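Owing to the predicted nature of the structure, the values given are computational and were not obtained by experimental measurement.
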Amino acid sequence: MKKIILTFASALVIAAGISSCGNKGGNDAASGENAALADSLTTALGNFAGAQSAMSFNQARFQGDSARFAKMDKKDFLRGLKEVLDADTNKLAYYEGLSMGLQLVSPMMGLSNDADIKVSPDKLYKAFEEVFMKDSVGDMGEYYANYQKLMQQAQQVMMKKQEAKLAEEPQAKANLADGQRYAEKMVKEGYQKTSTGLVYKIENPGTGAKATDADMVTVAYEGKLVNGTVFDANSDATFSPTQVVPGFGEALKMLGVGGKMIAVIPADLGYGLQAPKQIGPNSTLIFTIEVKAIKPSAQAAK
């Protein structure tokens with residue numbers, strides 16, 4: 001909605017500019033040309049803004065939260081538009097306030113619906129008024145930093161809520177159970193298990209020093225799911241153990257150059273509930289990993 005409002009505000013400014021130009025001195029022919037341009041430009045601007053708004057309106061209604069947009073009606077939208085276009089220019093500040101209010105409604109509704117964090121309209125208004133009415137707002141960076149810090153906390157709450165919902169989905173439960181059974185089977189067949197839950201079998205430990213978090217490691221690998229589906233493979237990839245999922249990083253640090261292993265990575269050391277679509281939520285990952293080279297941190301920095 002923010003973009004739409006700004007478009008309409010621009011329309012008012014352009015229309016006002018055209019009107020003022022037409023009222024200034026000049027010959028009748030020039031005035032007539034300006035009037036014709038104003039008519040054409042007004043129609044074009046209205047058509048363009050209407051098309052853009054219709055697209056945004058429909059996307060918000062059909063792709064957004066159904067409960068949130070269920071009561072949205074185009075006729076109500078048009079009434080609001082008409083009120084702004086017919087506004088007394090002496091009251092433009094009032095309509096700017098309406099615009100700001102609409103911009104603040106969106107995050108309020110998002111926090112309420114997505115994170116169950118209820119924002120009080122009265123408290124929000126008072127906090128806005130307190131700073132808005134000051135002669136000097138002070139350090140904008142301080143306001144922004146505080147807002148960003150709290151929004152990060154809110155996003156964590158949102159993520160936990162989303163993950164709790166995802167965890168109850170049948171596919172996530174099935175993937176988790178399948179992965180646990182597979183890992184238990186591998187342990188019975190002689191695989192080792194770390195304190196973190198990584199299950200592995202080292203076929204060749206390699207030579208020289210093992211990789212550290214600061215090193216860059218070149219590997220050949222293949223990743224598959226417990227049903228045998230290969231979801232990723234690369235014969236020459238380079239990254240540090242910190243740039244991959246935790247289970248893969250842990251496995252890399254067990255090998256020297258030439259080392260090879262099979263790592264069974266449980267969901268909580270892999271992509272978890274936020275896994276890509278081709279992998280699926282709570283999937284266990286099985287990687288065959290071969291270390292081709294290790295570039296120590298001192299060399300990697302050069």
Side-chain angles (χ1 to χ4, degrees), residues 152 155-156 159-160 162-163 166-167 171-172 174-302:
Q152 287 173 1
Q155 287 168 356
Q156 291 175 358
M159 185 173 290
K160 287 180 180 179
Q162 291 171 355
E163 289 188 343
L166 282 173
Q171 188 61 58
N175 288 343
L176 187 62
D178 290 344
Q180 290 172 341
R181 282 193 294 269
Y182 185 89
E184 290 170 1
K185 176 175 176 291
M186 292 300 100
V187 170
K188 290 179 180 178
E189 292 182 6
Y191 281 50
Q192 302 298 308
K193 185 176 182 179
T194 69
S195 59
T196 65
L198 176 69
V199 173
Y200 68 96
K201 178 182 179 181
I202 295 179
E203 298 179 344
N204 179 358
T207 59
K210 296 178 175 59
T212 69
D213 283 340
D215 297 336
M216 297 302 292
V217 187
T218 299
V219 301
Y221 69 85
E222 179 184 77
K224 61 183 181 179
L225 304 177
V226 296
N227 63 9
T229 300
V230 175
F231 62 84
D232 191 15
N234 198 315
S235 61
D236 190 29
T238 301
F239 36 66
S240 82
T242 63
Q243 294 174 325
V244 290
V245 295
F248 198 110
E250 183 180 353
L252 280 180
K253 291 186 286 185
M254 296 180 179
L255 302 173
V257 176
K260 187 174 182 179
M261 71 185 297
I262 299 173
V264 180
I265 301 174
D268 61 337
L269 295 180
Y271 293 103
L273 289 162
Q274 303 295 334
K277 186 176 181 181
Q278 70 269 26
I279 293 176
N282 269 350
S283 290
T284 289
L285 315 175
I286 306 161
F287 278 100
T288 299
I289 305 169
E290 182 177 2
V291 174
K292 301 172 70 175
I294 298 176
K295 193 173 185 179
S297 55
Q299 294 181 24
K302 294 180 180 179

Show, in sequence, the C-alpha distance, side-chain angles and deciding distance for Asp236 and Thr218, and conclude whether the side chain to side chain contact (heavy atoms under 4.5 Å, CB included) test is met. CA-CA 6 Å; Asp236 190 29; Thr218 299; 3.1 Å; yes
What's the verdict on side chain to side chain contact (heavy atoms under 4.5 Å, CB included) for Glu184 and Val199, showing C-alpha distance, side-chain angles and the deciding distance? CA-CA 9 Å; Glu184 290 170 1; Val199 173; over 6 Å; no
Acceptor/donor pairs from residues 254-282 side chains to any protein atom, 3.5 angstrom cut, sequence neighbours excluded:
none

Can you list every ring pair (Phe, Tyr, Trp, His ring centres under 6.0 Å) pair that touches residues 176-201, not counting sequence neighbours? none
Distance, nearest 0.5 Å, that separates CG of Leu198 from CZ of Phe287: 11.5 Å
Would you say the side chain of Lys253 lies within less than 4.5 Å of the side chain of Asp213, judging by non-hydrogen atoms? yes
How long is the gap from CZ on Phe248 to CD1 on Ile289, to the nearest 0.5 Å? 4.0 Å
Value rounded to 0.5 Å, distance of NZ in Lys185 from CZ in Arg181: 12.5 Å
If I compare all heavy atoms of Ser240 with all of Thr242, which pair ends up nearest, and what's the gap? OG-OG1, 2.7 Å
Return all side-chain donor-acceptor pairs below 3.5 angstrom for residues 220-228, not counting sequence neighbours, or 'none' if the list is empty.
from, atom 1, to, atom 2, distance (Å)
Tyr221, OH, Asp232, OD2, 2.9
Asn227, OD1, Thr229, N, 2.9
Asn227, OD1, Thr229, OG1, 3.0

Under 3.5 Å, side chain of Asp215 to main-chain N/O of Thr212, donor-acceptor pair present? yes
